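Only this structure's heavy atoms are used, side chains among them; waters, hydrogens and symmetry mates stay out. Chain letters run A, B, ... following the sequence lines, proteins first and then strands; every chain starts at 1. What you see is a predicted model, and the numbers here were worked out from it, not measured in a lab.
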2 protein chains.
Amino acid sequence: MGERLKRVAILGSTGSVGTQTLDVIRSFPGELRVVALASGRNDKLLQEQILEFRPRYVHSGNGPLPQSDGITQVSDLVQLATCPDADIVVVATVGVAGLRPTIAALRAGRPVALANKEVIVIAGEQVMAASRESGTPILPVDSEPSAVWQCMAGETAAVRRLIITASGGAFRGRTWDSLADVSPEEALKHPTWRMGRKITIDSATLANKAFEVVEAHYLFGIPYEQIEVVIHRQSIVHSMVEFADGCVKAQIGPPDMRFPIQVALFHPDRRANPRLPRWNAVETGSLTFENMEPARYPCFNLILEYAMRGGTWPAAVAGADEAAVDLFLGRAIRFTSIPEVIKTTLAAHSPIESPSVDDAIGAARWARDFAMAFAAGRAPR
Amino acid sequence: MGERLKRVAILGSTGSVGTQTLDVIRSFPGELRVVALASGRNDKLLQEQILEFRPRYVHSGNGPLPQSDGITQVSDLVQLATCPDADIVVVATVGVAGLRPTIAALRAGRPVALANKEVIVIAGEQVMAASRESGTPILPVDSEPSAVWQCMAGETAAVRRLIITASGGAFRGRTWDSLADVSPEEALKHPTWRMGRKITIDSATLANKAFEVVEAHYLFGIPYEQIEVVIHRQSIVHSMVEFADGCVKAQIGPPDMRFPIQVALFHPDRRANPRLPRWNAVETGSLTFENMEPARYPCFNLILEYAMRGGTWPAAVAGADEAAVDLFLGRAIRFTSIPEVIKTTLAAHSPIESPSVDDAIGAARWARDFAMAFAAGRAPR
């Protein structure tokens with residue numbers, strides 16, 4: 001327990017999960033050390049992080065940073081994810097960027113704390129195979145799969161059902177038709193969680209929840225028909241597992257990403273962190289559960305229907321959704337056009353049944369490009 | 001997994017937990033077999049159970065039953081609990097009767113599924129020592145300790161807090177002073193659980209919850225100051241555990257004793273039982289938590305204050321409470337006199353600091369007799 005330093009590589013260190021991972025590391029100077037940092041675009045914050053955490057390896061998506069003593073700049077994320085000194089690799093990138101580094105880290109025997117669910121959605125079979133074949137664990141960092149994983153600890157019995165909770169996002173309680181004119185600013189106001197922009201829009205459409213179902217299906221090997229979603233407005237019960245005998249376990253806590261991050265970093269142990277909030281049952285008062293009404297969230301069933309087909313379909317769905325969210329954030333399409341963009345894109349997809357990782361990445365890129373071109377070919381909005 | 005029959009001995013087979021244990025066994029004819037049955041007074045039901053389950057060993061508290069082919073009558077519960085053929089011993093007796101058989105079974109290497117919390121309250125140190133020294137597990141059968149135990153499965157990290165839930169009993173929402181004239185019939189109307197008479201009255205006073213705190217303290221080795229009680233009216237969240245990092249796990253399900261019974265019988269595996277209800281989050285709608293107000297439940301703090309002193313104090317508290325409940329059920333004292341009887345009895349107790357099992361049993365009996373005599377020496381009510 002804590003005799004030795006755990007060395008952490010972080011891909012996506014300037015994003016929401018990346019900065020929160022560094023905040024957790026800040027709480028444990030004697031136990032966690034940053035060994036590698038990579039970011040996409042935000043060189044200013046990356047430079048600050050380098051000064052504070054003194055990593056050995058660095059990568060910026062903008063190209064080489066100014067030289068600095070004792071710091072090696074590596075040319076890509078795969079090199080960073082397999083750097084010789086990391087005990088655990090946190091993959092907190094957005095979209096397809098984390099996929100090859102995840103597989104490379106697993107093959108090199110580096111446990112991956114995975115915050116980027118698109119990695120699993122795009123290439124679930126291949127990522128799980130890399131984990132299985134190398135005997136290297138994937139440690140889920142998102143709150144819902146972390147909850148499922150925590151509830152399954154020590155259980156040998158069959159799982160009867162996963163109950164994944166959903167806050168309902170920014171527009172819960174509103175009908176789909178009433179959302180035609182909502183702005184990106186309104187959609188970015190998540191009621192319970194502080195997260196990145198892409199995932200916050202995906203929470204408003206429940207696309208994020210569909211991706212979590214796909215992620216849970218692959219990560220835990222649970223058939224789709226045994227995974228349910230319920231609306232839970234408080235975001236306190238992070239998910240539940242019903243076992244063969246009908247007993248249910250839930251994982252509960254304040255909505256703060258630092259909990260699942262810390263769980264993954266210290267697994268199988270746990271550490272007290274005085275900087276984290278504590279949950280108080282009486283202050284919460286009441287935990288509610290409501291049916292998720294598919295009519296209110298057309299993206300949910302749409303994404304799941306395609307993803308359940310397997311092959312390159314989940315990758316294409318992920319690519320199409322990424323484009324649709326970007327288009328909405330750029331005010332090129334309405335909020336209510338997001339499912340339309342996904343649907344039109346997937347109608348044009350030529351699937352590959354047993355794809356390689358390259359095929360999966362290709363499908364995601366194709367779908368993203370197709371969706372962008374499709375949207376550009378018509379009048380904005 | 002289920003290749004061989006598990007042979008079950010049941011002490012207290014005609015009581016509430018005993019009959020529900022047999023109901024679970026009925027669901028698994030190929031996996032569970034009754035090998036021994038013992039009851040206290042209800043020979044009629046015991047005879048029916050003998051006909052249905054064909055045990056090898058039988059004991060009745062009323063003395064020998066008529067002879068029957070292939071059935072051996074044993075003279076006491078210790079002999080029954082250590083009969084050669086049992087793989088697991090269910091101790092579902094009331095009061096002190098289960099204590100010696102529990103220790104004997106543990107010493108003989110027979111796992112004990114323990115429904116009778118008085119066994120732990122009266123002689124927690126000694127029972128846990130018997131379990132530790134023989135390496136034989138105690139499997140908690142009551143819903144709250146079973147929930148704690150299930151939540152702790154697979155966890156190596158320190159527990160920061162146990163959160164034990166309480167329905168609040170028959171008179172929740174009422175002030176203590178308003179209960180002077182309640183009848184045994186009113187007190188026996190538990191809002192959520194179907195249980196025996198003693199435990200139902202103990203639920204109305206919250207004495208039962210104090211005993212559960214003592215039980216959890218010994219069973220899980222958790223200091224008293226890390227055990228909290230919250231009022232949870234729905235009896236759906238059976239208890240919760242907060243770990244070192246602030247993550248909380250809860251065990252959830254319908255209020256039905258067959259769940260914890262079945263968990264203990266199949267541990268560490270679990271089995272589907274179509275006769276058990278399934279929990280539905282949306283039907284439950286809302287789970288609420290309120291502070292337990294000690295002024296409403298004077299027995300709670302009273303019992304804990306004495307029990308925390310250790311030595312023979314917990315045994316004396318258990319004996320005094322048993323007498324007080326009997327006196328109330330027999331209409332000899334008011335409901336609101338229950339804590340008064342306990343307090344007066346304990347004021348007369350001469351404690352032993354490091355008691356033997358005999359000392360502990362002696363203290364419980366002394367307290368029971370003292371309380372009875374004290375009540376007899378004054379006008380009824």
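- A donor-acceptor pair under 3.5 Å is formed between the side chain of A:Arg172 and the backbone N or O of A:Ser167.
- Between A:Asp142 and A:Met257, the closest side-chain pair of non-hydrogen atoms falls below 4.5 Å.
- Heavy-atom pairs under 4.5 Å with chain B peak, among A:Phe266, A:Phe259, A:Phe289, A:Trp279, at A:Phe289.
- The line from CG of A:Asp256 to OG1 of A:Thr192 is 11.5 Å long, rounded to the nearest 0.5 Å.
- For the atom pair CH2 (A:Trp149) and NE2 (A:His267), the distance works out to 4.0 Å, reported to the nearest 0.5 Å.
- Between chain A and the residues B:Arg161, B:Gln262, B:Arg160, the largest count of heavy-atom pairs under 4.5 Å involves B:Arg160.
- Ranked by heavy-atom pairs under 4.5 Å with chain A, the list B:Ala158, B:Gly253, B:Ala281 is led by B:Ala281.
- Taken from CG in A:Asn116 to CG in A:Leu114, the straight-line distance is 6.0 Å, to the nearest 0.5 Å.
- The distance from the CD1 atom of A:Ile231 to the OG1 atom of A:Thr165 is 9.5 Å, given to the nearest 0.5 Å.
- Among A:Ala153, A:Pro254, A:Ala250, the residue with the largest count of heavy-atom pairs under 4.5 Å with chain B is A:Ala250.
- Between B:Arg258 and the options B:Thr21, B:Asn273, B:Asp23, a side chain to side chain donor-acceptor pair (under 3.5 Å) holds for only B:Asp23.
- Looking at B:Ser131, its side chain does come within 3.5 Å of a backbone N or O of B:Thr136 through a donor-acceptor pair.
- A donor-acceptor pair shorter than 3.5 Å can be found between the side chains of B:Ser286 and A:Ser286.
- Heavy atoms of B:Glu290 lying under 4.5 Å from chain A belong exclusively to its backbone.
- No other option in A:Pro274, A:Gly154, A:Gly285 has as many heavy-atom pairs under 4.5 Å with chain B as A:Gly285.
- Scanning residues 232-249 of chain B against chain A with a 4.5 Å non-hydrogen threshold yields B:Met240, B:Glu242, B:Phe243, B:Ala244, B:Asp245, B:Gly246, B:Cys247, B:Val248, B:Lys249, sorted by number.
- Atom OG of B:Ser146 and atom CD1 of B:Ile261 lie 10.0 Å apart (nearest 0.5 Å).
- No more than 12 heavy-atom neighbours from other residues, nucleotides or ligands sit within 6.0 angstrom of CZ on A:Arg33.
- Only the side chain of A:Glu155 comes within less than 4.5 Å of a heavy atom in chain B; its backbone stays farther off.
- Using modelled atom types, one side-chain atom of B:Thr19 and one backbone atom of B:Ser16 make a donor-acceptor pair closer than 3.5 Å.
- If you take CD1 on B:Ile252 and CD1 on A:Ile163, they are separated by 8.0 Å, rounding to the nearest 0.5 Å.
- Of all residues spanning residues 209-227 of chain A, none has a heavy atom less than 4.5 Å away from chain B's heavy atoms.
- Taking A:Met152, A:Gln251, A:Arg278 one by one and counting their heavy-atom pairs under 4.5 Å with chain B, the maximum is reached by A:Arg278.
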